[in-house]
There are 4 protein chains.
Amino acid sequence: MTAGRRGATRSQAARAAILAATSSLIERLGYDRVTMEGIASEAGVGKQTIYRWWPSKSAVVAECLIEGALLPETYAPHDTGDIVADLTEWLQRVFDFIAAPGHETMLRSLIAAAVDNPEIGEHLTGRLGASPDVLAERLRTAAAARQLRPGTSVERLTDMFMGIVLSRVLLRTPADPDDARAFVELVLTGAAPHRPTRPASAPPRSSTARQPRR
Amino acid sequence: MTAGRRGATRSQAARAAILAATSSLIERLGYDRVTMEGIASEAGVGKQTIYRWWPSKSAVVAECLIEGALLPETYAPHDTGDIVADLTEWLQRVFDFIAAPGHETMLRSLIAAAVDNPEIGEHLTGRLGASPDVLAERLRTAAAARQLRPGTSVERLTDMFMGIVLSRVLLRTPADPDDARAFVELVLTGAAPHRPTRPASAPPRSSTARQPRR
Amino acid sequence: MTAGRRGATRSQAARAAILAATSSLIERLGYDRVTMEGIASEAGVGKQTIYRWWPSKSAVVAECLIEGALLPETYAPHDTGDIVADLTEWLQRVFDFIAAPGHETMLRSLIAAAVDNPEIGEHLTGRLGASPDVLAERLRTAAAARQLRPGTSVERLTDMFMGIVLSRVLLRTPADPDDARAFVELVLTGAAPHRPTRPASAPPRSSTARQPRR
Amino acid sequence: MTAGRRGATRSQAARAAILAATSSLIERLGYDRVTMEGIASEAGVGKQTIYRWWPSKSAVVAECLIEGALLPETYAPHDTGDIVADLTEWLQRVFDFIAAPGHETMLRSLIAAAVDNPEIGEHLTGRLGASPDVLAERLRTAAAARQLRPGTSVERLTDMFMGIVLSRVLLRTPADPDDARAFVELVLTGAAPHRPTRPASAPPRSSTARQPRR
DNA sequence: TGATAATCGAGACGGTACGTCCTGTCTTTCA
DNA sequence: TGAAAGACAGGACGTACCGTCTCGATTATCA
């Protein structure tokens with residue numbers, strides 16, 4: 001492939017050992033108590049082998065995330081046709097994941113890592129269902145089925161769902177069994193009372209189509 | 001003061017110098033490149049003087065936050081009676097703050113700090129307007145004025161607003177000038193189409209009273 | 001003494017432990033297999049404590065030498081009045097020291113160290129008897145007692161004796177039991193035949209006083 | 001070349017490049033700052049190619065020395081019949097070499113190398129004139145011409161001359177323009193006063209034949 | 001008015017980790 | 001099939017901080 005390339009090729013064994021060690025250590029210790037030396041020694045690898053391929057700890061963690069070594073599965077909403085039920089079931093699964101022992105700490109680790117590595121943020125949300133990925137896709141399907149108001153920005157919707165999860169994890173919001181359903185309902189039906197009851201002080205806004213961001 | 005207390009009392013000059021140095025360094029370097037030694041030397045203070053009064057770097061940062069040394073002002077929604085306008089104006093101010101140079105980095109620093117210090121998360125959201133504080137209060141006023149649907153959880157609403165801000169900062173969501181208005185409208189009116197248009201595939205849900213969390 | 005000196009003072013325990021560890025390791029491993037990390041760990045000391053007080057490994061070794069931790073005793077010629085006997089006895093002691101197991105390696109270590117630290121060369125020769133020190137003193141006494149030819153440079157004489165030892169150690173010259181006596185005799189009486197036999201081709205040099213170096 | 005030998009033969013170009021690179025680096029950096037990697041990269045050669053033919057850095061250096069890449073010329077005493085003049089002129093040339101800029105450092109490098117490679121010591125002295133080589137030969141000629149006292153050990157004489165050079169280089173003895181002449185005279189005529197003046201306190205030693213070493 | 005006790009700036013201490021450099025071996029590709 | 005290129009495990013380098021401790025000086029209370 002790479003013509004003219006000479007010398008030994010990258011050791012896949014070393015790469016795998018590094019990613020495995022990193023995942024294991026992150027789970028056990030949390031992001032900021034994991035060290036490059038710790039990873040190297042756990043992986044039975046020279047430090048230079050890590051630095052040769054990744055510029056920083058957060059880059060290694062990012063690759064762990066991409067490889068699926070940190071978050072075991074992705075959380076995609078199903079498509080039963082019922083957007084409310086699908087989102088509720090999806091959000092419930094995400095909340096259940098957070099609630100499992102050690103997972104909240106792990107997610108906070110990933111948030112810390114995301115602070116100095118945008119890629120981690122992207123893949124974190126990707127894993128949880130958002131990003132161009134599956135959550136957005138499901139929302140677009142719903143929009144096509146006229147289950148969302150025309151003009152609703154799918155990006156803003158996914159941002160909100162990710163925000164719900166982030167604030168839960170980062171701000172340690174106490175959990176409630178009804179949360180998944182309640183949040184989905186809130187997002188879909190809104191906080192304001194039914195349309196006719198709209199307060200007089202707020203002038204009825206023209207329902208001009210809202211241009212999606214970007 | 002404290003009966004039986006002997007010896008020199010805590011130096012307010014040192015305390016102030018430490019908080020000032022910390023703020024300045026956080027702004028310049030970001031949370032994780034600030035060190036206790038750096039703070040001490042910048043403040044012209046012995047390291048022990050810091051450790052005597054705070055257990056960790058994040059505790060010092062937390063106190064900076066409380067003192068208002070890090071976020072210059074709090075962001076409280078006004079109360080003009082129009083909840084939509086008030087929230088929009090408030091969210092716009094928050095977004096403007098984020099957009100100012102250096103502020104996004106600062107907020108990410110605080111997110112990193114919040115990962116290992118829950119207090120920082122609390123005060124961060126407090127500063128931005130949420131927590132038991134002013135945002136929730138404004139929402140409660142709106143609820144009392146029947147501008148929110150009965151049974152809407154104010155806690156969940158504030159979580160969502162905080163989530164919107166967190167995902168913007170942490171996930172580096174690109175900004176749009178219309179964001180503040182659009183998010184507020186989305187939260188208040190929901191993503192689903194007007195009631196009559198509700199899809200047949202989604203069975204009309206019983207309007208059972210939603211128990212508020214906790 | 002040092003006015004205005006504040007803060008903890010240098011730990012003599014740490015200093016002693018470092019010098020002891022260094023000596024022990026040099027003896028066991030030889031100069032270039034001794035590492036700063038090895039010294040620190042053997043001494044139960046942080047690496048920084050070494051670097052705080054010494055700029056390099058060779059500086060630590062130099063101080064070991066000065067403290068007498070490496071060469072157990074100094075080798076000073078006695079003064080019985082008989083310069084030949086005194087020098088012979090002294091040189092024999094030095095040769096005996098070299099011949100003892102491990103000592104030749106140790107001396108070669110010190111030579112290696114002397115390459116990048118002139119101080120080590122000085123103290124090494126000092127320990128063995130030369131330098132402004134005792135050997136030179138003994139030679140000056142001999143000169144005063146007219147046991148040396150007037151005008152003989154004491155510096156050159158000590159250089160020669162040190163050279164004899166250095167070449168023995170560095171070049172691994174095989175030892176001979178008679179060496180001490182033979183070298184002293186050679187130095188004192190010279191290699192040329194008795195004066196009358198001086199070759200015609202070499203014009204008799206005027207015995208003008210030779211100015212000592214420096 | 002070697003019968004039955006198949007495959008590519010040793011690349012003389014690589015060998016030459018390695019020796020050239022080593023010499024150049026030693027001159028520029030000094031022995032212990034030269035690395036195998038540095039040699040390989042300077043020579044445009046794989047590290048393995050070096051390790052295939054030499055076991056260690058000092059072995060490469062030794063071969064450089066043998067090839068004459070490090071010390072440009074050998075220093076052999078002439079034979080005009082006048083041993084004093086010949087040795088003086090020879091020693092002066094050696095001292096002049098040392099005095100040239102960079103040469104003292106180079107010689108100290110070689111001393112460092114000699115510490116862990118006896119061969120280097122041998123060839124170093126060989127280059128300077130000693131060893132079974134030319135200096136010893138010249139001395140033997142002088143002995144045959146009765147310009148040396150019978151029984152004088154040529155080995156010890158060469159050791160002394162090498163010692164003079166070594167102590168000059170290693171101990172950084174300050175140079176004096178008269179040194180070459182003075183040292184030769186000292187070695188040949190000795191430090192003691194003329195025979196009649198021998199001090200009473202020193203008992204006249206029997207002129208027993210001195211057995212040569214080995 | 002001392003003695004006592006706490007704080008302060010300073011900084012040394014035993015450690016851990018950093019990111020770089022080098023060693024000596026092994027592996028791949030090219031000529 | 002030898003040599004270049006270069007990846008690899010390992011280990012030392014010298015630096016930066018950690019959190020604790022020890023100084024000498026200063027400041028406040030209590031006896």
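Below, read A as the first sequence line, B as the second, and so on, with proteins coming before strands; counting in each chain starts at 1.
Atom CD1 of C:Ile18 is separated from atom C1' of E:dA12 by 11 Å (rounded to the nearest Å). E:dG11 atom P lies 17 Å from atom OH of B:Tyr51, rounded to whole Å. Atom CG of A:Leu29 is separated from atom P of E:dT16 by 15 Å (rounded to the nearest Å). Look at NZ on C:Lys57: it is 14 Å from C1' on F:dG11, rounded to the nearest Å. Atom P of nucleotide F:dC13 and atom CD1 of C:Ile50 are separated by 9 Å, given to the nearest angstrom. Summarising the geometry, the separation between CZ on C:Arg10 and P on E:dA12 is reported as 10 Å, rounded to the nearest angstrom. Following rounding to the nearest Å, B:Trp54 (CH2) and E:dT7 (C1') show an atom-to-atom distance of 13 Å. One atom, CG of B:Asp32, and another, C1' of E:dC18, lie 14 Å apart when rounded to the nearest Å.
For C:Arg127 and C:Glu122, the salt-bridge test fails: no basic side-chain N is under 4.0 Å from an acidic carboxylate O. Ion pairing of A:Arg15 with A:Glu63 is present here, as a side-chain N (NZ or NE/NH1/NH2) and a carboxylate O approach within less than 4.0 Å. Electrostatic pairing of D:Glu42 and D:Arg28 counts as a salt bridge here, judged by a charged N lying under 4.0 Å from a carboxylate O.
Looking at heavy atoms from C-beta onward, C:Ser58 lies in side-chain contact with C:Ile120 at the 4.5 angstrom threshold. Between A:Leu71 and A:Leu65, some side-chain heavy-atom pair lies under the 4.5 Å cut-off.
Closest approach to the D:Lys47 side chain among F:dC18, E:dT23, E:dG9 is made by E:dT23 (side chain taken as heavy atoms from C-beta onward). In this structure, of E:dA10, F:dC18, E:dA3, it is E:dA10 that holds the atom nearest to the side chain of B:Gln48. In this structure, the nucleotide among E:dA10, E:dG14, F:dA3 sitting nearest to the side chain of D:Trp53 is F:dA3. Candidate nucleotides F:dA5, E:dG19, F:dC18 were compared by shortest atom distance to the side chain of B:Glu37, and F:dC18 ranks first.
Take the nearest nucleotide of DNA chain E for A:Thr35 and for C:Gly44: the residue whose nucleotide is more 5' is C:Gly44. Sequence order on DNA chain F of the closest nucleotides to D:Thr49 and B:Arg33 puts D:Thr49 first from the 5' end. Positionally, the nearest nucleotide of DNA chain E for B:Ala14 lies more toward the 5' end than for the other of C:Ala43 and B:Ala14. Nearer to the 5' terminus of DNA chain F, by closest-nucleotide assignment, is the contact made by B:Pro55 (compared with the other of B:Ala8 and B:Pro55).
Neither OP1 nor OP2 of F:dA7 sits under 4.0 Å from any side-chain N or O of A:Ser11. Listed pair B:Arg52 / E:dC8 meets the phosphate criterion, a side-chain N or O lying under 4.0 Å from OP1 or OP2. At the phosphate of F:dA5, OP1 or OP2 sits under 4.0 Å from a side-chain N or O atom of A:Arg6.
Residue contacts shown for C:Gly38 are absent, as no nucleic acid heavy atom lies under 4.0 Å away.
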